[in-house]
Amino acid sequence: MADRAPFLPENDYRDTWCGGVLDDLVGKTVRVAGWVNRRRDHGGLVFIDLRDRTGVVQLVFDPAESSEYFDLGHALRPEWVLSAEGEVVRRDPETVNPEIGTGEFEVRVSGARILSEAETPPFEIEGFRAEVGEEARLRHRYLDLRRPVMQEAIEIRHRLVTEMRSFLDGEGFLEIETPVLTRSTPEGARDFLVPSRLHQGSFFALPQSPQLFKQMLMVAGFERYFQIARCFRDEDLRADRQPDFTQLDIEMSFVGVEDVIGLNERLMAHVLSGMGVEVEIPFPRISHDEAIARFGTDRPDMRFGHEVVDLTEVLRGTEFKAFGGVIEGGGAVVGINFGPKDLPRAQLDGLIEEAKELGAKGLVWAYCEDDGWRAPIAKFLSADEQAGLNEALGASEGDLMLVAADSQAVAAGILGGLRTRLAERWDLIPESGNCLVWVVDWPMFERDERTDRWIALHHPFTSPASEVDPDDPGSARALAYDLVWNGVELGGGSIRISEPDLQKEVFAIIGIDEEEAADRFGFLLEALRYGAPPHGGIAYGVDRFAALLAGFDSIRDVIAFPKTASGNDPLTGAPSPVEEPQLKELGLARGGAARAKPSDG
RNA sequence: GGGGGUGUAGCUCAGUUGGUUAGAGCGCUGGCCUGUCACGCCAGAGGCCGCGGGUUCGAGUCCCGUCACUCCCGCCA
């Protein structure tokens, strides 16, 4: 990091970064400031590792150098804040520390002052002995963030958005802010609501995304817009989901799918190159249907094989009821060949349990052997069927196959889920190589099983690829695209509907009549009537992007102040109860059980 | 909303079949130490075993409930 250290103007506290105590300063007197990283007190000689954002440098308190500051050196404790000055010297070769960037040098202290003392921290800042629990880290996030690994993660995130901004600025995009207090447009995720004091009984909603605003910016003629936008969704959390998160939001006018994809490939190449990752463009593309069929997911990890294979035709007419019945009912039998993988029976049974967790009714495991299958169901399958399955799955002796039967999408989804989990567990993913892929040709609509209605798969402003047959909405394809990186959905977008009549048709299919459309989205529909250019765009999950680049599984590690998995902030105690007068002012009354937050767990 | 895992010292963890006074490493405090860098050596402090209830002569350990953290499913247009 030292080579990236910004210019440092001299002042009373310091004139040199800790990480900058290098060759060119030998023989010079420098002043450094930072936190006491570690203290090694030899009685007659004290070593202090001083840490700032750029690195660590060793300070030597030697009575021969400065008896008046020696006691100060002895009194120092970890995380005290110190300013010290002294001559930079080259260390004797046998005392060089190759572990730190400044390890060939040290500062012989001739003056120092304590700027701030520190209580003993609840956990070690340089805790490379053991991982500290996440709750303790979040409770004292300001200490957690002092750890060099966290400083680096936050810096990676900064560089990511900086590269995004610089590329888009160079392409003529304008960064435009949109409101955080906006209108609730139900459907989709739950909104966070904010009561209005001036209009009691009415509420603002926090935006789930700036979607409608960016479309209106296109109508307004800005043509190229982007924003690093905060978005809010009141849904349950995950390692990769927070209630407030950040998107890179982009929208362009007078464009089709190829224009958006082309620009975004150049954006990716620029951003990743700036982060030290080289990728080739154009990226491969896969249709949504093919992704489901081959990988059982709409965000396929294509760094490795072991794809889902459809075995339905091989097994049509089989005697084995569990498969035959599903096929007769219009379902499918699918399998994956995981290659040679010898597992004890208990682990094979464990896979069945795991498949059930993913929603499977069952799972069949089978080994390909010289004289046929070794599998619990082997005796139900004829020799011909076994041979046919081996051929379809490309199995050779010793290969482990997993087979599931259900509707095509469900069966593929279960095996796709297992594929992702097992690839990690069994180390099937090649170390090198990134796979960025566009998933295209999405269906416009999908059937909502619970309400038995058609719903927009992407969002209702997505343009269909061609005319929609109202009698068969399921066949309509959308001008939509997702960018998937190593099995992670990095971003997605679409060409939008720019004709009010087409927008009405789409609303009609998903059961939003004109009155309701006018009520909810009237402002957008009206805007579209005043000369809307063809337009489209995309939005990226900045938190996920940063986590991937920094090598973390959880986006909490690239968010300075994240929420826990249950949506709390242990640092500030948010969310918290509020006082009655505050509610009264807003025209709100408590409903249900208003209870004080338990102070202890 | 559902399922799994975890909860013991400041941190990371061990704790046998229910049995006497609950342990380790790190950290912390004091002392010694002039070339260490995860410094070393000596001594010491530190516990509502998440919380509440139950079973038992006896509970860190078994049962019920509850809370917190975490992972997954649902959910996330």
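Below, chains carry the letters A, B, ... as their sequence lines are ordered, and counting in each starts from 1.
Across all strands shown, A45(B) forms no Watson-Crick or G-U wobble pair with both distances under 3.5 Å. Across all strands shown, the partner of G40(B) is C32(B), judged by Watson-Crick or G-U wobble contacts whose two distances both fall under 3.5 Å.
Within 3.5 Å, no donor on the side chain of Glu135(A) pairs with an acceptor on the base of U70(B), nor the reverse. On a pure distance criterion of 3.5 Å, no polar donor-acceptor pair joins the side chain of Asp92(A) and the base of G35(B). Contact annotation: side chain of Glu106(A) to base of G35(B), donor-acceptor pair present below 3.5 Å. The base of G74(B) sits with one of its N or O atoms less than 3.5 Å from a complementary donor or acceptor on the side chain of Arg238(A). Scanning atom types as modelled, one donor and one acceptor separated by under 3.5 angstrom connect the side chain of Arg241(A) and the base of C76(B). Side chain Arg108(A) to base G35(B): a donor-acceptor pair is found below 3.5 Å. Between the side chain of Arg40(A) and the base of C33(B) there is no donor-acceptor pair of N/O atoms closer than 3.5 Å.
Rounded to an integer number of Å, the gap from CZ of Arg233(A) to C1' of G74(B) is 17 Å. For the pair Asp448(A) CG and C75(B) C1', the interatomic distance rounds to 12 Å; values are reported in whole Å. Across the protein-nucleic acid pair, Arg544(A) atom CZ and C76(B) atom P stand 14 Å apart, rounded to whole Å. Distance CD1 (Ile455(A)) to P (C75(B)): 9 Å, rounded to an integer number of Å. Rounded to an integer number of Å, the gap from Arg137(A) CZ to U70(B) C1' is 13 Å. Here C69(B) presents its P atom at 14 Å from CG of Leu571(A), a figure rounded to the nearest Å. Look at CD on Glu424(A): it is 11 Å from P on C72(B), rounded to the nearest Å.
Residue contacts for Pro78(A): at a heavy-atom cut-off of 4.0 Å it reaches the sugar-phosphate backbone alone, with no base atom in range. Asp41(A) comes within 4.0 angstrom of a nucleotide base, judged by non-hydrogen atoms across all strands. Here Ile510(A) lies out of heavy-atom contact (under 4.0 Å) with every strand.
Not one side-chain nitrogen or oxygen of Ser566(A) sits closer than 4.0 Å to the OP1 or OP2 atom of A68(B). For the pair Arg91(A) and G35(B), the criterion of a side-chain N or O lying under 4.0 Å from OP1 or OP2 is not met. Phosphate proximity of U29(B) to Arg77(A): present, with a side-chain N or O under 4.0 Å from OP1 or OP2. Note on Asn568(A): a side-chain N or O is less than 4.0 Å away from OP1 or OP2 of C69(B).
Between the side chains of Thr185(A) and Arg520(A), no donor-acceptor pair of N or O atoms lies under 3.5 Å. Donor-acceptor pairing under 3.5 Å is lacking for the side chains of Asn97(A) and Gln58(A). Counting only N and O atoms by type, the side chains of Gln215(A) and Gln211(A) include a donor and acceptor under 3.5 Å apart. A donor and an acceptor atom, one from each side chain of Thr451(A) and Asp448(A), are located under 3.5 Å apart. Using modelled atom types and a 3.5 Å distance limit, the side chains of Ser287(A) and Asp289(A) yield no donor-acceptor pair.
For the C1' atoms, the distance linking U16(B) with G35(B) amounts to 47 Å, nearest Å. Spacing of P atoms, A68(B) relative to G54(B), comes out at 23 Å, to the nearest Å. U29(B) and G10(B): their C1' atoms are spaced 13 Å apart (whole Å). Atom name C1', nucleotides A9(B) and A45(B): the rounded distance is 11 Å, in whole Å.
Picking from C71(B), U36(B), C75(B) the nucleotide with the shortest atom distance to the side chain of Phe47(A) gives U36(B). In this structure, the nucleotide among C37(B), C39(B), G1(B) sitting nearest to the side chain of Thr95(A) is C37(B). With C75(B), G35(B), C71(B) as the candidates, the nucleotide lying closest to the side chain of Ala565(A) is C71(B).
An aromatic stacking contact between His42(A) and the base of U36(B) is absent, as defined here by ring centres under 5.5 Å apart and ring planes under 30° from parallel.
Of all heavy-atom pairs spanning Lys214(A) and Ile250(A), the tightest one is NZ-O, 3.2 Å.
Aromatic rings of Tyr481(A) and Trp442(A) (six-membered ring for Trp) have centroids beyond the 6.0 Å cut-off, not under it. Between Phe461(A) and Phe521(A), the gap from one ring centroid to the other is short of 6.0 Å. The six-membered or imidazole ring of Phe61(A) lies away from that of His74(A), with a centre-to-centre distance of 6.0 Å or more.
Nucleotides of RNA chain B nearest to Thr120(A) and Thr564(A) differ in position, and the one nearer the 5' end is that of Thr120(A). Comparing Gly103(A) and Gly43(A), the nucleotide of RNA chain B nearest to each residue sits closer to the 5' end for Gly43(A).
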N/O to N/O distances under 3.5 Å, protein versus nucleotides 9-11 of chain B:
from, atom 1, to, atom 2, distance (Å)
G10(B), O2', Pro122(A), O, 2.4
C11(B), O4', Pro122(A), O, 3.3

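Within the structure, salt bridge (Lys or Arg N to Asp or Glu O under 4.0 Å) contacts touching residues 56-71 of chain A (residues at least two apart or in different chains) are Asp62(A)-Arg108(A), Glu65(A)-Arg108(A).
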